[in-house]
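First comes the structure, then the notes that go with it.
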Amino acid sequence: MSGLLAVDLVRHAVMISLMVAAPMLLTAMIVGILVSLVQAVTQLQEQSLTFIPKLAMVSLVFLVTLPWALSQLTEYLAGILRSLPTLVP
């Protein structure tokens with residue numbers, strides 16, 4: 001296996017990982033900002049108020065995007081397994 005091929009495989013794996021994680025990370029960021037704004041306006045500084053809404057929304061987004069994420073990861077794995085005989089000399 002050449003160095004360029006290894007770099008391409010790692011790059012593709014990182015891109016797939018970012019694509020699969022992006023919806024949950026963006027949801028956590030948006031909910032965190034909204035809860036922080038509500039806390040700043042009401043001057044209510046309770047730590048559980050930031051954790052519980054984030055957990056609920058990230059769980060919901062995870063369940064909604066799970067079929068898509070699994071299909072992306074399965075497609076990537078199938079591509080790697082199909083190209084495996086060409087990678088090993």
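In this chain, numbering begins with 1 at the start of the sequence shown. The figures here come from the full heavy-atom set of this structure, side chains too, leaving out hydrogens, waters and symmetry mates.
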Euclidean distance, Gln72 CD relative to Thr65 OG1, rounded to 0.5 Å:
11.0 Å
Could you tell me whether the side chain of Met29 reaches within less than 4.5 Å of the side chain of Leu25, counting heavy atoms only?
no
Taking only residues two or more places apart in sequence, or in another chain, which ones meet Arg82 in a side-chain hydrogen bond (donor to acceptor under 3.5 Å, both in side chains)?
none
Heavy atoms, side chains only, cut-off 4.5 Å: are Ser71 and Thr74 in contact?
no
Determine the minimum heavy-atom distance between Thr27 and Pro23, stating which atoms define it.
OG1-O, 2.7 Å
May I ask whether Val58 and Leu70 are part of the same hydrophobic cluster, defined by side-chain heavy atoms of I, L, V, M, F, W, Y residues being less than 4.5 angstrom apart, directly or through others?
yes
Nearest atoms (heavy-atom pairs only) where Pro67 meets Leu63:
CD-O, 3.9 Å
Please determine whether residues Met24 and Val64 belong to a single hydrophobic cluster, defined as Ile, Leu, Val, Met, Phe, Trp and Tyr linked transitively by side-chain heavy-atom distances below 4.5 Å.
no
To the nearest 0.5 angstrom, please state how far the CE atom of Met57 sits from the CD1 atom of Ile52.
14.5 Å
Between Leu9 and Tyr76, which heavy-atom pair has the shortest distance, and what is it?
O-OH, 3.3 Å
From His12 NE2 over to Ser17 OG, what is the distance, rounded to the nearest 0.5 angstrom?
10.0 Å
Closest heavy-atom contact between Gln39 and Thr50?
OE1-CG2, 3.5 Å
Heavy-atom distance under 4.5 Å between the side chains of Leu84 and Ile80, does that happen here?
no
Using side-chain heavy atoms (C-beta onward) and a distance below 4.5 Å, is Val31 in contact with Val35?
yes
The complete set of ring-ring contact (aromatic ring centres under 6.0 Å, His included) pairs with one or both residues in residues 15-68, sequence neighbours excluded, reads none
Give a yes or no on this: more than 12 heavy atoms of other residues, nucleotides or ligands lie within 6.0 Å of atom CE of Met19.
yes
Run the side-chain contact (heavy atoms from CB on, under 4.5 Å) check on Leu37 and Ile33 step by step: do they pass?
CA-CA 6 Å; Leu37 286 173; Ile33 289 171; 4.3 Å; yes
